[in-house]
Protein chains: 4
Amino acid sequence: MASQAKEKQIVRAAEELFNSRRFHEVTMEDVCRAAGVGKGTIYRYFKDKEELFLRVATSGSEELCDVVRRKCAEGLPFEERLVGILIEIHQAKRRRGLVRLLMRSDDARVGRLKGALHSHFEDRRSALISAITQIFDEAIREGKVRTDVPPELLAGSLLGMFHGYSWHAETQFQREEGLQFLDLFLRGAGARTASAQEVRP
Amino acid sequence: MASQAKEKQIVRAAEELFNSRRFHEVTMEDVCRAAGVGKGTIYRYFKDKEELFLRVATSGSEELCDVVRRKCAEGLPFEERLVGILIEIHQAKRRRGLVRLLMRSDDARVGRLKGALHSHFEDRRSALISAITQIFDEAIREGKVRTDVPPELLAGSLLGMFHGYSWHAETQFQREEGLQFLDLFLRGAGARTASAQEVRP
Amino acid sequence: MASQAKEKQIVRAAEELFNSRRFHEVTMEDVCRAAGVGKGTIYRYFKDKEELFLRVATSGSEELCDVVRRKCAEGLPFEERLVGILIEIHQAKRRRGLVRLLMRSDDARVGRLKGALHSHFEDRRSALISAITQIFDEAIREGKVRTDVPPELLAGSLLGMFHGYSWHAETQFQREEGLQFLDLFLRGAGARTASAQEVRP
Amino acid sequence: MASQAKEKQIVRAAEELFNSRRFHEVTMEDVCRAAGVGKGTIYRYFKDKEELFLRVATSGSEELCDVVRRKCAEGLPFEERLVGILIEIHQAKRRRGLVRLLMRSDDARVGRLKGALHSHFEDRRSALISAITQIFDEAIREGKVRTDVPPELLAGSLLGMFHGYSWHAETQFQREEGLQFLDLFLRGAGARTASAQEVRP
DNA sequence: CATGAATGAGCGTTCATTCAT
DNA sequence: CATGAATGAACGCTCATTCAT
């Protein structure tokens with residue numbers, strides 16, 4: 001059906017605009033011009049501006065969640081899977097700024113999304129967190145990760161630290177950087193004492 | 001001078017409103033009603049709505065920066081100073097939602113603040129980061145922190161991880177939780193091997 | 001021809017809608033949904049919304065006029081014919097609110113109908129009035145009605161009084177009520193003096 | 001207070017427009033232009049277009065009711081009072097077309113006025129009817145009017161007949177025409193028989 | 001200085017109308 | 001012919017901003 005395509009067309013145009021300007025700075029006129037459709041057309045697909053915004057926000061995150069879940073299921077060592085996920089997240093952040101919302105859903109904006117949409121959005125965040133939590137669950141069982149911190153908290157911390165870390169690496173983020181970061185996360189910022197160093201030859 | 005007081009009055013009222021609603025959902029009428037001043041009065045203190053918003057955002061962060069800088073200068077062990085700072089940040093986040101901007105100034109919103117105000121705002125973030133960076137500098141000199149990661153990156157990572165970590169601890173965050181978190185940050189999420197554990201008696 | 005049927009289908013649907021909502025509250029979408037036809041189809045039968053509205057208004061009145069004219073031609077005593085007409089009018093008002101326009105074509109709305117359509121509509125009113133006027137003409141010739149008031153004025157007055165009178169008798173209006181009303185119209189509201197009463201045994 | 005004046009200014013401008021065009025043909029821009037005020041100003045006084053329309057409709061009728069009530073209280077013969085009232089109504093209809101609504105409040109438009117405003121409007125009509133009803137009450141006590149028709153029905157009929165009658169006398173309507181009309185109403189349209197004529201010498 | 005009534009540019013939204021299918 | 005997705009002119013309404021009091 002052609003309408004699927006047109007909807008995507010609108011979402012994509014809106015995405016770009018919402019990423020570079022604030023909600024109230026983006027006019028529906030901007031969106032329809034950017035999307036190359038008539039003004040009324042947008043309203044065939046979205047009840048109002050708010051719904052369009054929400055859709056843009058959630059659509060990005062949905063895709064990311066799918067990719068992440070797939071990565072989780074891969075039969076690789078947990079470090080490799082985490083690095084893969086981080087790379088995906090980093091790319092998604094660059095492509096679609098709104099995914100950022102996912103990483104800080106305490107945002108006032110998200111807090112006020114209404115009803116079903118709100119929970120749908122929260123679900124996305126949970127989905128991301130819980131996908132990563134699963135990896136930590138396995139890693140704990142394998143004795144690879146400390147057991148005194150709930151895996152969920154580990155997942156949240158990983159995501160948070162990555163957000164702060166990748167701040168400086170705006171350009172690209174590939175396997176190598178991913179491993180560096182993971183080393184910081186897994187071994188900690190503390191100095192390695194002589195004997196501790198020996199442990200990891 | 002009375003105007004100082006009135007200005008604070010307006011900022012405080014606006015702060016509360018901007019924390020619970022989006023920029024475009026807060027009207028100047030709301031602000032002046034909440035502040036108990038006439039509508040025109042606001043314009044004696046702030047050029048326009050945007051400037052008011054910025055002021056609210058920056059004023060919160062400015063206070064936080066001051067507190068953090070003071071904490072940094074205290075002659076305590078670096079772990080204690082970090083915990084003190086984290087507690088302050090946590091409280092500031094609860095009091096003033098806009099401080100959150102500080103912790104993720106990659107936010108599209110901040111990215112578009114104009115001219116002098118933008119850099120002034122960026123400065124706040126840098127101030128926070130660099131205050132913490134200083135602590136890490138010292139800690140590196142004392143051999144307490146790993147040297148293969150630039151201290152600035154450590155500061156960013158700490159802040160980020162804290163953001164993710166404290167997400168689950170919405171209620172309160174005191175010295176004890178601070179130490180737990182710091183342990184995670186410094187020793188990492190990886191499992192302690194037998195010999196490594198011995199190192200830290 | 002099928003188009004005749006489809007046109008009627010549309011008019012009937014529109015009729016119902018225009019009776020319960022104002023012109024601007026009825027959308028063409030409402031009409032086509034109610035009529036069970038495509039949106040574009042309406043435009044094959046009516047130039048625009050205005051024309052549809054007019055057609056609805058006039059179509060109701062046209063039917064009424066036909067019935068009234070037929071009643072006029074019946075060879076009954078003039079009182080009986082008038083009562084028959086009133087009953088028809090009353091029913092038409094209930095069925096099709098727009099007939100009301102007929103009875104008060106001074107309505108601002110009617111006053112602005114354009115060109116040919118306007119006069120066509122005015123014609124309907126005239127038709128109604130003149131049908132009744134004919135009856136009065138005959139009655140005057142028979143010496144049954146006062147001669148100092150132009151029959152046209154009598155017709156208008158009858159219609160008007162009936163409108164006010166029937167206001168209270170929303171439910172039903174049959175021969176008996178018709179005769180009561182006619183008595184008021186013909187003998188007047190004034191008290192019957194003793195001798196005057198004698199006159200009508 | 002100046003706002004009273006400005007409100008009246010707006011109502012008057014709107015009145016003129018609503019009298020010559022339909023609700024949906026009058027734009028708020030038209031109104032504010034005609035009233036000589038800014039667009040936003042209207043919204044300080046009226047919640048929306050609907051409320052403005054309602055106000056226009058009711059304000060005209062309120063004034064008329066006052067005048068009519070005053071006329072009712074005058075110590076004149078009932079015929080004189082009725083004529084006075086009719087003249088007022090006629091003038092009001094010419095000045096303010098919306099008063100017409102009063103005379104046909106079965107209008108779909110009125111039927112859908114919401115809540116308090118609806119009843120307020122219905123009240124006006126009742127007020128008009130009941131003022132006239134009072135006159136008939138008195139006249140009945142004086143034996144001047146027939147007793148077999150409820151005075152309320154007489155009032156409604158009078159108003160209705162007058163509406164139909166005055167249709168032809170668009171120009172002016174003064175005491176003389178009033179008496180002619182009243183004669184029709186009181187003595188009826190029926191022919192005066194010889195003896196009946198004698199009764200009223 | 002403080003106020004809030006007044007303003008009007010500009011926005012979101014609607015809906016009559018068109019036209020490719 | 002019938003359809004309904006697409007259109008965009010036009011509208012109601014908001015609200016940041018001004019300025020007379």
Side-chain angles (χ1 to χ4, degrees), chain A residues 1-3 5-7 10 23-33 35-52, chain B residues 1-3 6 23-33 35-53, chain C residues 1-3 6 23-33 35-53, chain D residues 1-3 5-7 10 23-33 35-52:
Chain A
M1 204 193 294
S3 52
K6 195 147 275 188
E7 189 174 319
I10 294 167
F23 181 85
H24 81 277
E25 288 172 338
V26 175
T27 71
M28 291 304 259
E29 188 111 10
D30 291 340
V31 176
C32 74
R33 209 183 352 258
V37 301
K39 203 190 289 199
T41 307
I42 296 179
Y43 289 87
R44 291 197 64 76
Y45 297 94
F46 304 94
K47 198 176 96 278
D48 55 18
K49 193 182 175 182
E50 194 75 4
E51 193 172 299
L52 173 61
Chain B
M1 203 193 294
S3 49
K6 196 153 271 189
F23 183 84
H24 81 279
E25 289 172 337
V26 175
T27 70
M28 291 303 259
E29 185 113 8
D30 290 340
V31 176
C32 74
R33 207 185 353 259
V37 302
K39 203 189 289 193
T41 308
I42 296 180
Y43 288 86
R44 294 207 67 75
Y45 297 95
F46 305 94
K47 196 177 98 276
D48 57 18
K49 193 183 175 183
E50 195 75 5
E51 191 173 300
L52 173 61
F53 176 77
Chain C
M1 205 193 293
S3 50
K6 198 153 270 189
F23 182 85
H24 81 278
E25 289 172 336
V26 176
T27 70
M28 291 303 259
E29 186 114 7
D30 291 338
V31 176
C32 74
R33 206 184 353 259
V37 301
K39 205 188 288 196
T41 308
I42 297 181
Y43 288 85
R44 296 207 67 74
Y45 297 95
F46 305 95
K47 195 177 96 275
D48 56 19
K49 192 183 177 184
E50 195 76 3
E51 191 172 299
L52 173 60
F53 176 76
Chain D
M1 203 195 295
S3 52
K6 195 148 272 187
E7 189 174 321
I10 294 166
F23 183 86
H24 82 278
E25 288 171 339
V26 175
T27 71
M28 291 305 258
E29 188 112 7
D30 290 339
V31 176
C32 74
R33 210 185 348 260
V37 302
K39 203 191 289 198
T41 307
I42 296 180
Y43 290 88
R44 291 197 65 75
Y45 297 94
F46 305 94
K47 196 175 98 278
D48 55 18
K49 193 182 175 184
E50 194 76 4
E51 193 172 299
L52 173 60

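Note that the structure is predicted; figures quoted are calculated from it, not measured.
Rounded to a whole Å, the CG atom of D/Asp48 is 9 Å from the P atom of F/dT14. In this entry the distance linking CD of C/Glu25 with P of F/dG12 reads 13 Å, nearest Å. As a whole-Å value, the separation of A/Lys39 NZ from F/dA9 C1' is 9 Å. Taking atom OH on A/Tyr45 and atom P on F/dG4, their separation rounds to 14 Å, with Å as the unit. Atom CD of D/Glu29 is separated from atom C1' of E/dA9 by 11 Å (rounded to the nearest Å). One atom, NE2 of D/His24, and another, C1' of E/dT13, lie 18 Å apart when rounded to the nearest Å. The CE-P distance, from A/Met28 to F/dA9, rounds to 17 Å in whole Å.
Checking E/dA9 for Watson-Crick or G-U wobble geometry (two distances, each under 3.5 Å) identifies F/dT14 as its partner. Remark: E/dC15 base-pairs with F/dG8. Criterion, Watson-Crick or G-U wobble with two distances under 3.5 Å. Remark: E/dC1 base-pairs with no nucleotide in the shown strands. Criterion, Watson-Crick or G-U wobble with two distances under 3.5 Å.
Mapping B/Gly40 and A/Gly40 onto DNA chain E by nearest heavy atom places B/Gly40 at the nucleotide closer to the 5' end.
Judged by distance alone with a 3.5 Å cut-off, no donor-acceptor contact links the side chain of B/Lys49 to the base of F/dT17. Under 3.5 Å, the side chain of A/Lys47 and the base of E/dG12 form no donor-acceptor pair of N or O atoms.
Among the atoms of the strands shown, only primed sugar atoms or phosphate atoms (P, OP1, OP2) are found under 4.0 Å from some heavy atom of A/Thr27. Within 4.0 Å of A/Val31, counting heavy atoms only, lies no atom of the nucleic acid at all.
Listed nucleotides: F/dT3, E/dT13, F/dT18. Nearest to the side chain of B/Tyr43: F/dT18.
Tested against D/Cys32, the residues D/Val37, D/Thr41, D/Ile10, D/Thr27 include a single side-chain contact (heavy atoms from CB on, under 4.5 Å) partner, D/Val37.
Close to F/dA5, at under 4.0 Å from its OP1 or OP2, lies a side-chain N or O of A/Arg44. Within the structure, a side-chain polar atom (N or O) of D/Lys6 is placed less than 4.0 Å from OP1 or OP2 of E/dA6.
Classification of the D/His24-C/Phe23 ring pair by plane angle, with boundaries at 30° and 60°, yields parallel.
Remark: side-chain polar atoms of A/Lys49 are paired, donor with acceptor, to backbone N or O of A/Val26 under 3.5 angstrom.
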